[in-house]
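Report on the following structure.
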Amino acid sequence: MKAPEWIETSRLILRKPSIDDAVAVFTCYASIPAVTNYLSWPTHTNLIDTRQFLEFAEEAWHRWPAGPYLIESRISGELLGSTGIDFETPYRAATGYVLAKEAWGYGYATESVNAMIEIAPTLGIQRLEALCHHQHTASAHVLAKCSFILEGILHRHTVFPNLSVSDAQDVMCFARVFD
């Protein structure tokens with residue numbers, strides 16, 4: 001089964017991205033260091049980086065039942081960030097989010113992650129994971145609000161290319177399991 005390419009929540013529209021979104025994604029969040037600080041991908045320095053992400057998104061949607069979604073305001077249509085489902089196997093996937101700085105603190109992260117939780121079991125996902133840097137308490141709080149269980153710390157797990165350290169960092173491993 002394929003995920004819907006368009007999901008509406010109470011305040012958001014989550015939609016499959018297209019190559020035409022490159023400028024908006026780049027200027028909204030992908031090129032902003034304060035936004036990408038705790039992400040596992042480098043801050044985009046040009047539109048080529050953003051187009052490569054959008055090509056990756058298209059391939060994910062082609063290969064798997066779902067992929068990245070862009071997050072937009074239902075009221076204004078303004079791009080706020082992105083979320084999605086990243087399949088590792090047909091039954092195990094990861095989720096997360098990134099929001100423009102102007103969208104922080106309004107509950108959009110919780111709302112978008114809950115939308116991913118809602119569709120996950122319909123896609124055959126039995127385990128949905130989310131990782132966050134061990135010092136990123138705001139993301140840990142969002143995941144806890146979404147009823148993810150903190151399973152533990154994965155030591156020296158992920159390189160965060162936008163931090164000033166080059167070593168792999170510890171991450172908190174959260175998960176939801178579905179029957």
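Only heavy atoms go into these numbers, but all of them, side chains included; no hydrogens, no water, no symmetry mates.
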Run C132 and V171 through side-chain contact (heavy atoms from CB on, under 4.5 Å) and show every step you take. CA-CA 5 Å; C132 68; V171 295; over 6 Å; no
Exercise: identify the closest heavy-atom pair between M172 and L150: CB-CD1, 3.7 Å
Nearest 0.5 Å, what's the CD1-CG distance between I119 and N114? 12.0 Å
With a 6.0 Å cut-off on the ring centroids, do F26 and H44 count as close? no
Is V159 reachable from L154 through a run of hydrophobic residues whose side-chain heavy atoms are each under 4.5 Å from the next? no
What are the two closest heavy atoms between G67 and A60, and how far apart are they? CA-CB, 4.2 Å
NZ (K2) and NE2 (H62) are apart, to the nearest 0.5 Å, by 8.0 Å
Please report the C-alpha distance between R127 and E151 in whole Å, then the side-chain angles of each, then the deciding distance to 0.1 Å, and finally whether the salt bridge (charged side-chain N to carboxylate O under 4.0 Å, His left out) criterion is met. CA-CA 12 Å; R127 178 183 172 83; E151 293 185 328; 2.4 Å; yes
Shared hydrophobic cluster for L143 and F160 (ILVMFWY, side-chain gaps under 4.5 Å): no
Determine whether F87 and I125 make a side-chain contact, defined as any pair of heavy atoms from C-beta on separated by less than 4.5 Å. yes
Compute whether any side-chain donor of one residue and acceptor of the other, for W104 and E102, lie under 3.5 angstrom apart. no
What I want to find out is whether D170 reaches R156 closely enough, with some N-O distance under 4.0 Å, to be called a salt bridge. no
Taking the six-membered ring for Trp, are Y69 and W61 ring centroids under 6.0 Å apart? yes
I32, W41: one ILVMFWY side-chain cluster at the under-4.5 Å cut-off? yes
Step-by-step salt bridge (charged side-chain N to carboxylate O under 4.0 Å, His left out) determination, D21 to R15: CA-CA 11 Å; D21 294 309; R15 67 171 178 84; 2.6 Å; yes
Nearest-0.5 Å distance, OG of residue S139 to NE2 of residue H134: 13.5 Å
Going by heavy atoms in the side chains, are P42 and N162 under 4.5 Å from each other? yes
With a 4.5 Å cut-off on side-chain heavy atoms, are Y108 and L12 touching? yes
Rounded distance [0.5 Å steps], OG1 in T83 versus OH in Y97: 9.5 Å
Check whether any side-chain heavy atom of S73 lies under 4.5 Å from a side-chain heavy atom of R11, and answer yes or no. no
Measuring from atom OH of Y29 to atom CG of L99, what distance do you get when rounded to the nearest 0.5 angstrom? 9.5 Å
Under the side-chain contact (heavy atoms from CB on, under 4.5 Å) criterion, do L79 and I71 qualify, and how do the steps go? CA-CA 6 Å; L79 180 62; I71 303 168; 5.7 Å; no
Return the minimal non-hydrogen interatomic distance between A115 and T9, and the atom names on each side. CB-CG2, 3.9 Å
Any non-hydrogen side-chain atom of I117 less than 4.5 Å from a side-chain atom of F178? yes
For L128, does its backbone N or O pair with a side-chain atom of R92 as donor and acceptor, under 3.5 Å? no
Taking side chain as C-beta onward, heavy atoms only, is F148 less than 4.5 Å from C146? yes
Would F56 and W64 show up in the same hydrophobic cluster when neighbours are defined by side-chain heavy atoms closer than 4.5 Å? yes
Any donor-acceptor pair under 3.5 Å linking the side chain of N46 with the backbone of D49? yes
Treat each ILVMFWY residue as a node, draw an edge where side-chain heavy atoms are under 4.5 Å apart, and state whether L131 and I153 are in one component. no
For A30 and T36, the nearest pair of non-hydrogen atoms, with its separation, is O-CG2, 3.7 Å
Under the 3.5 angstrom rule, does the side chain of T95 hit a backbone N or O of G84 as a donor-acceptor pair? yes
For T122 and M1, the nearest pair of non-hydrogen atoms, with its separation, is O-SD, 3.4 Å
Side-chain heavy-atom pair H133, L39 within 4.5 angstrom cut-off: no
Please report the interatomic distance CZ(R176) to OG(S147), rounded to the nearest 0.5 Å. 5.0 Å
For D167, does its backbone N or O pair with a side-chain atom of Q169 as donor and acceptor, under 3.5 Å? yes
If you compare all heavy atoms of T50 against all heavy atoms of A22, which two are closest, and at what distance to 0.1 Å? CG2-O, 3.4 Å
Give me the one residue out of M116, E118, K16 that meets side-chain contact (heavy atoms from CB on, under 4.5 Å) with I7. M116
